[in-house]
Amino acid sequence: MEIGKVTSFYVSGNEVHLQYEKQEVIVTVITPEIVNVFVPCWQKEHLSKAVEGDKTVPCVISTEQQNDTVCIGTDKLSLRIGPNLKLEVTDAGTQVLFHTYEGERVPLKRLSDRSLQQLAAEGHEVSSNDDFHYPVQMVCALDEGDDFYGLGDKSGFLNKKYYEYENWNSDIPQAHTEDFHALYKSVPFLICKKKQGVYGLFFDNTFRSHINLGKEKEEYFFYAAADGNLDMYILGGETMPDVVKNYTTLTGRTPLPQLWTLGYQQSRWGYESASDIREVARQLRENDIPCDVIHFDIDYMQDFKVFTWDDKNYGKPGEFMQELADQGFKTVTIIDPGTKKEDGYFMHDEGMEYGYFATDTNGAVYVNEVWPGESNYPDFGRSKVREWWGDHHRFLVDIGVDGVWNDMNEPASFRGELPQDVVFHDEDRETSHAEMHNVYGHYMSKATYDGLRKHTDKRPFIITRACYAGTQKYSTVWTGDNQSLWAHLQMAIPQLCNLGMSGFAFAGTDIGGFGADATPELMARWIEAACFSPLFRNHAAKGTKPQEPYRFDEQIMGIYRKYVKLRYAFLPYLYDLFYQGEQTGLPIMRPLVLHYEDDPNTHNLNGEFLVGENLLVAPVVEQGAVHKLVYLPEGRWYDLWTGEAYEGAQYILREAQLSVCPMYVKAGSMIPTYEPVSYVGEKPYDRLTLLATPEAASYVHFQDNGTDYAYREGAYNLYAFSKDEKGTLTTVMEHENYPRYDAISLKIIGKE
Ligand code: GLC
């Protein structure tokens, strides 16, 4: 940044104010491992939508001037900041983590108009002819061995090195491929794993931004934003989990969900009546496929008008919800932001009367088109609008709806993108679509979360498609409109792992694929790979081949049943991981690199993942394959199905016929399991079985009522289990304020 030299600086609390010739820069030590570098080139304030409240803790900070450079130190990080924002960050030792690139950027040779026309003539799409010389820019040196992770839901592989991405929430119905730059979410958080050491970068800026990780040139990576401030956090830590912990300290953590939300969920855009849904419920129960949730897509509304109900086709709402509840199903209804422009429709009339919709620059309410036809866009950046929207959820709560699915909130629009200057607000400050686009889904989720929080005493269950950094505090996410393609099954693993490392512990893809038609084999492999996906929902588009499990033959349905039941057996393990995640920010589904970062074999491992630390899943994600090359990291691993032990730090070839998803339990671990049920709450969970390897092991298990906030008042049990090599189990109650299990048993893998 061309801001000249530092002319003076002073320290005030945790802040170091540096006066440059052309600009003030403020370095704030948030914690010894989190430092913020703030260049207020746009607004004086941070105006963060991701970081809520003050996260700074008292720290000892050292400062020293060395020629043209100011050195700022904590006991974990040292920053050297010099002319034109030249930056170098080292860890507690002398290991350089991050340093700005000193040369000039060399944009990729872009095309002339003539070449562009030529390419277009044959229908080629040139994804970008922009050299991203945006006003806010940070060009950083790319060192040999640097690998990148995070960035939310971006398509492609686990390691983001040598790719480029765009943060501009986009509704993309075409098949998502690895060269896509933007999808539905904007999470400008990166983890850089170096040959030695690791750090994170979080660029808190909601305007359109570009992240180029060595694609332009192998010597550097850069971040560039079209507007706004440079508001950059450098996150230290000794390990990748430390960096994730630090990032979620800043932006918040996925709260413990209700237990049933971890059960199986059935959905399809195309259930057009109560009788369609009744049939789904009947088939699932009759075919012994456990299921907790049925989703209601847009057809349940009258003319797609939010907070209405189509009584004609869906019956009396309260009665129908009760009928499903009696069979043990929870219900989730979709709510889109686009509010039908129709006089006499209460949401329209209220929104108009109170001035709650976005407008054009002349003050006229802005209109575009989504499912209901001409629609308006609630201005969710204002708390008043969020409160109004949230309060309307009372209608859904009263009829017995258990969760809300927020969609089309990029925001989507059928008549071209909303112009950049459409007027939105950040509370009372008038601003534009350009600033609020990437947080539209974030604020919609917050409105929904606050509404449900106010009108029920349960932990809100929300799913959103669009979001920004920090939305994990309010909502779970799914990866939008994938397709029934093997490439999308393959991509689900790195995509969910990167979402997890970006704070979104509760995420899932549409199982079986949303668009296109799932073959029986793809369906079987998908349920295997998704068995431990935190959000566990099968969903498909109108017009595609039906893909509920009972649509397939006995063989495929049998495989489906096996993995859904396995999921239900492992529910207490998943729930424990969520409980721990509230304290650590660590996700459920983890790439191997997260726990084995010093093993280079894990850095580009796209086809397997860990569930917590104890279980390794290596699904077959290739058509026709009946073998899987599994990489087992250091240690000993037990095949979940055969009990056979393998030494790690090697590849093994596992035979995997269609019904087999290779899974391995780490030596020295115990995994809590329940007897599978048809739905959570069918029977009391009064017995716990610990699945263990023969080695000595210990494990802490959490138990509570699984629904409300009583656990925050202490109504829970924490069991500290330990087991010796002979198989003697000892239990110590670390905390006891909930009815205990009637029985706890131990099962050694591979033994009866
Ligand atoms: C969007 C959503 C999809 C939903 C459909 C209809 O395409 O991504 O999940 O089924 O809209 O509401």
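Below, all heavy atoms of this structure are taken into account, side chains as well, without hydrogens, waters or symmetry copies. Ligands are counted one by one from 1 in listed order, and the atoms in each one are counted from 1 as well.
Proximity of Trp478 to ligand 1, defined as any heavy-atom pair under 4.0 Å, is confined to the side chain (atoms from C-beta onward).
Contact of the Ile334 side chain with the Trp269 side chain is not registered, since no non-hydrogen atoms from C-beta on lie closer than 4.5 Å.
In terms of polar-atom proximity, defined here as any N/O pair under 3.5 Å, Asp407 does make such a contact with ligand 1. Between Trp405 and ligand 1, a contact under 3.5 Å exists for no N or O pair. By the 3.5 Å distance cut-off applied to N or O atoms, His539 is counted among the residues near ligand 1.
Cation-pi contact between Arg537 and Tyr264: absent, since separation from the ring centre below 6.0 Å together with deviation from the ring axis within 45° is not met. In this structure, Lys305 is positioned above the aromatic face of Tyr345, its NZ or CZ under 6.0 Å from the six-membered ring centre and within 45° of the axis. Under a cutoff of 6.0 Å and an axis angle of 45°, Arg453 and Tyr474 do not form a cation-pi pair.
Applying the 4.0 Å criterion to heavy atoms of Asp297 picks out, from ligand 1, the atoms 4 (C), 6 (C), 10 (O), 12 (O). The Ile334 neighbourhood of ligand 1 comprises atoms 12 (O), with distances under 4.0 Å to a heavy atom of that residue. Contact atoms of ligand 1 toward Arg465: 1 (C), 2 (C), 7 (O), 8 (O) (distance under 4.0 Å to a heavy atom of the residue).
With no hydrogens or angles considered, a side-chain donor-acceptor pair links Lys154 and Asn167 at under 3.5 Å.
Atom 7 (O) of ligand 1 has Asp481 OD2, 2.8 Å as its closest protein atom, hydrogens excluded (heavy atom only).
With respect to Glu528 and Lys562, no salt bridge is recorded, no charged nitrogen being found less than 4.0 Å from a carboxylate O.
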